[in-house]
Amino acid sequence: MLNSKQIDFIKTNLEIPASELALRHNHDAEFRLAVAQIAARQKIRDKLPTFYSNLELLLPTSIPLEQASSELTARYKSEIISFTTSVDLTGGLGIDSIYLAMRAKSHHYIEQNQELYSIFMSNLSELAINNVVCINDDSIKWIKEQNSIPDLIYLDPARRGKGGNKTYFLEDTEPNPIEIIKNVKHNYKYALIKTSPMLDITKAISQLEEVREVHIVSVKNECKELLFLLEKDYIGDIRYHTVNFENNSSKKEILFLENTGTIQFSEPKKYIYEANASINKLGFWNSLASRYSLSALDSNTHIFTSDNLISDFPGRIFTLDSITKINRKEISKAIPCGKANISIKNVPIDINILKKKTALTEGGDMFLYVVKSKFLGNICLVCRKA
C-alpha cells in the first residue's frame, strides 16, 4: 500500500520523466516505490486511464505491463456474451477481471504470482468491487479440484517462454488453453481465450475446437488481440468480427465478415481504399469487396478502388491524384514537395531503397502507395485523404 506521502509525491511529479526522478531519489527507499509507480503509470497513460488518474490504485513495478488488456478491450470482452458467473484463470493485473466482475453475479480471479495477487486485492478494495473471489493458486490445479465451473472461463495465457522469448503458438503459452479446455469439457458453458495478434487463426480454430466466434480487435488501427469464443458442444458456422476502436475512445467499428463472395479487378479509379488492421489480419478480401462493391487492384495487393465514394468503408479512404511509374522524375513531378507517407503493397522493394531512389522523405499530407496492379504492373498511386 502507498502512504499519503508517497501519493502526494506521485501527484506532484506524475508529469516528470521517471528516469529523471529515479536519479534524484535513488537512495530513498520510500520514494523509489513512488518513482516506480510513476514509471508504470507513464507507460499505461492511454491504455489504462483509470489507473493513471486514480493514485490509490497500484501497478506492478517488476512485471511487464505490455500483455495487460486496455480498459477499452477489457470492456469489449465483457460484453461479447451474456453470463452469470465467470472465472479469470490468468488473473494478472486484473483489468479483464474487473470488467467481467461488473457483468457477472459472481466472479473468480485466480493468479499464482503473489505480487500480482496482492496488488489486485488492494485495487478491488479501492474500486469497491465485492463480488470477486480471489485465489492465489495454479489455475489448472484449481480446475481439477472443482465439481462445477462458472458459466464463462476466461484465459489470457502468458506469451513468453523460457528466457523471456515471445511465443506465437497456443501450445507454448502458460497455461496451455488447449489443456485447460480438455480439463473442463464436462461442465463449462463458454470459454473466451485472448491470444497474440500474431497467432494463426485457422490453426488455433483447429486446435481449440467448438469455436463459435472469432474477434479481431484493434485500437487506433493497430491489431491488439485475437479472441476465440468457445461454446460447449458447438458445431455450427463460425462468426468472424473485426473491431477497430478509434482514438482510445469507446467509438468503434464492428464488422461481421464471412469467407465468401467474389472479387473483381480493375485499374485504379477515383477512390483508393485500405482496410483497417483487423480486416487485414482476417483477410476475407472477397467478402469485403462484395459488401462494399469495390474492385481490387490485384489478388495479393489488398488495395481497393471505386468511382463512387464509399464513405462507410472500414479503413482509410483516399482520392487518387495521379498514377506514376516507380521513377524519380515522374514522382518528383507528382509530389513537388518531396514528402509523402509511403506504403508498399505486393511489390518486392525495400522502403529505404525506394526513398533513396525517389529522393522522398516521410511525412506531409500526400500519400504514396507503391502497388502491383493486375493490369498496369508495378505502379505508384499518388493520393490525398478523402
Side-chain angles (χ1 to χ4, degrees), residues 197 201-202 214-218 220-223 237-244 246 252-327 330-331 333-335 340-351 354 358 360 364-386:
I201 294 174
T202 302
V214 177
H215 298 248
I216 303 98
V217 183
S218 294
K220 293 195 293 187
N221 204 29
E222 181 182 351
C223 195
D237 292 335
I238 298 172
R239 292 180 64 88
Y240 296 86
H241 302 261
T242 64
V243 184
N244 183 48
E246 302 173 8
K252 58 184 178 288
E253 301 169 330
I254 302 180
L255 183 65
F256 165 62
L257 289 173
E258 297 177 296
N259 196 13
T260 58
T262 58
I263 198 164
Q264 304 294 322
F265 300 97
S266 79
E267 295 182 7
K269 299 176 183 179
K270 182 176 180 180
Y271 295 102
I272 302 296
Y273 304 84
E274 181 184 19
N276 67 39
S278 291
I279 294 172
N280 271 290
K281 174 63 181 178
L282 182 59
F284 287 178
W285 306 114
N286 289 16
S287 177
L288 181 71
S290 295
R291 175 172 295 199
Y292 292 97
S293 301
L294 300 172
S295 299
L297 299 187
D298 189 79
S299 56
N300 293 312
T301 298
H302 310 319
I303 295 293
F304 300 88
T305 191
S306 70
D307 283 322
N308 300 314
L309 177 63
I310 310 298
S311 59
D312 61 343
F313 177 81
R316 301 199 296 177
I317 309 172
F318 302 92
T319 301
L320 180 62
D321 275 10
S322 61
I323 301 172
T324 76
K325 295 179 181 178
I326 307 175
N327 174 285
E330 289 192 25
I331 291 173
K333 186 177 179 180
I335 310 175
N341 302 280
I342 303 170
S343 295
I344 301 173
K345 303 289 183 180
N346 198 25
V347 176
I349 185 171
D350 180 81
I351 190 166
L354 179 72
T358 60
L360 285 176
D365 298 325
M366 302 297 293
F367 291 79
L368 181 72
Y369 277 88
V370 182
V371 301
K372 180 180 179 182
S373 164
K374 185 178 181 70
F375 301 109
L376 300 178
N378 294 340
I379 55 173
C380 295
L381 308 179
V382 180
C383 310
R384 302 174 191 269
K385 280 193 174 180

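Computed from a predicted structure; not experimentally measured. What's counted below: heavy atoms across the whole structure, side chains too, no hydrogens, waters or symmetry copies.
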Got [X] and [Y] here, is their nearest side-chain heavy-atom distance under 4.5 Å?
{"X": "Leu288", "Y": "Phe304", "result": "yes"}
{"X": "Leu255", "Y": "His241", "result": "no"}
{"X": "Tyr271", "Y": "Leu320", "result": "no"}
{"X": "Ile201", "Y": "Val214", "result": "yes"}

Using the salt bridge (charged side-chain N to carboxylate O under 4.0 Å, His left out) rule, collect all pairs that involve residues 275-286, keeping only residues at least two apart or in two chains.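 As it turns out, there is no salt bridge (charged side-chain N to carboxylate O under 4.0 Å, His left out) pair with a partner in residues 275-286 once direct neighbours are skipped.
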
For residues 377-386, pull every pair meeting salt bridge (charged side-chain N to carboxylate O under 4.0 Å, His left out), keeping only residues two or more places apart or in separate chains.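 As it turns out, the salt bridge (charged side-chain N to carboxylate O under 4.0 Å, His left out) pairs with a partner in residues 377-386, which skip direct neighbours, are Asp321-Arg384.
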
Side chain to side chain donor-acceptor pair (under 3.5 Å) partners for [X], two or more places apart:
{"X": "Asn280", "answer": "none"}
{"X": "Ser218", "answer": "Ser278"}
{"X": "Thr305", "answer": "none"}
{"X": "Ser287", "answer": "none"}

Carefully, step by step, assess Ile279 and Leu282 under the rule side chain to side chain contact (heavy atoms under 4.5 Å, CB included). CA-CA 5 Å; Ile279 294 172; Leu282 182 59; 5.7 Å; no

Residues which pass salt bridge (Lys or Arg N to Asp or Glu O under 4.0 Å) with Glu258, listed by chain and number, not counting sequence neighbours: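 Counting only residues at least two positions away or on another chain, Glu258 forms no salt bridge (Lys or Arg N to Asp or Glu O under 4.0 Å).
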
What residues form a salt bridge (Lys or Arg N to Asp or Glu O under 4.0 Å) with Arg239, not counting sequence neighbours?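 Checked Arg239 against salt bridge (Lys or Arg N to Asp or Glu O under 4.0 Å); zero matches.
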
Output the distance between atom [atom1] ([X]) and atom [atom2] ([Y]), rounded to the nearest 0.5 Å.
{"X": "Ile335", "Y": "Thr358", "atom1": "CD1", "atom2": "OG1", "result": "8.0 Å"}
{"X": "Phe313", "Y": "Arg291", "atom1": "CZ", "atom2": "CZ", "result": "11.5 Å"}
{"X": "Ile351", "Y": "Ile344", "atom1": "CD1", "atom2": "CD1", "result": "5.0 Å"}
{"X": "Leu354", "Y": "Ile331", "atom1": "CG", "atom2": "CD1", "result": "6.0 Å"}
{"X": "Asn346", "Y": "Asn378", "atom1": "CG", "atom2": "CG", "result": "8.0 Å"}
{"X": "Leu381", "Y": "Leu297", "atom1": "CG", "atom2": "CG", "result": "6.5 Å"}

Who passes ring pair (Phe, Tyr, Trp, His ring centres under 6.0 Å) against His302, sequence neighbours left out?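 Residues passing ring pair (Phe, Tyr, Trp, His ring centres under 6.0 Å) with His302: Trp285.
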
With no hydrogens and no angle check, is any side-chain donor or acceptor of Asn276 less than 3.5 Å from a backbone partner on Gly315?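 Here the side-chain-to-backbone pair does not exist.
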
Is Tyr273 reaching over with its side chain to a backbone N or O of Ser306, donor-acceptor style, under 3.5 angstrom?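 Absent.
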
For Asn244 against Lys220, the heavy-atom pair lying closest together: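 Smallest interatomic distance, heavy atoms only, reads OD1-N, 3.9 Å.
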
For Ile326 and Val347, work out which heavy atoms get closest and say how close.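 Between these two residues, the closest heavy atoms are CD1-CG1, 4.3 Å.
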
Would you list the atom pairs, donor with acceptor, under 3.5 Å between side chains in residues 364-376 and any protein atom, with sequence neighbours excluded?
unit_1: Tyr369; atom_1: OH; unit_2: Glu274; atom_2: OE1; d: 2.4
unit_1: Tyr369; atom_1: OH; unit_2: Arg316; atom_2: NH2; d: 2.9
unit_1: Ser373; atom_1: OG; unit_2: Phe375; atom_2: N; d: 3.3
unit_1: Ser373; atom_1: OG; unit_2: Leu376; atom_2: N; d: 3.1

Without placing hydrogens or testing angles, list every side-chain donor-acceptor pair under 3.5 Å for residues 262-270, not counting sequence neighbours.
none

State yes or no: are the ring centers of Phe284 and Tyr240 separated by less than 6.0 Å?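 Centroid distance Phe284-Tyr240: below 6.0 Å, so yes.
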
Under the side chain to side chain contact (heavy atoms under 4.5 Å, CB included) test, residues paired with Asp237 that sit two or more places apart: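 Asp237 satisfies side chain to side chain contact (heavy atoms under 4.5 Å, CB included) with no residue once adjacent residues are dropped.
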
Kindly indicate, with the supporting measurements, whether the criterion side chain to side chain contact (heavy atoms under 4.5 Å, CB included) is fulfilled by Leu294 and Ile310. CA-CA 9 Å; Leu294 300 172; Ile310 310 298; 3.9 Å; yes

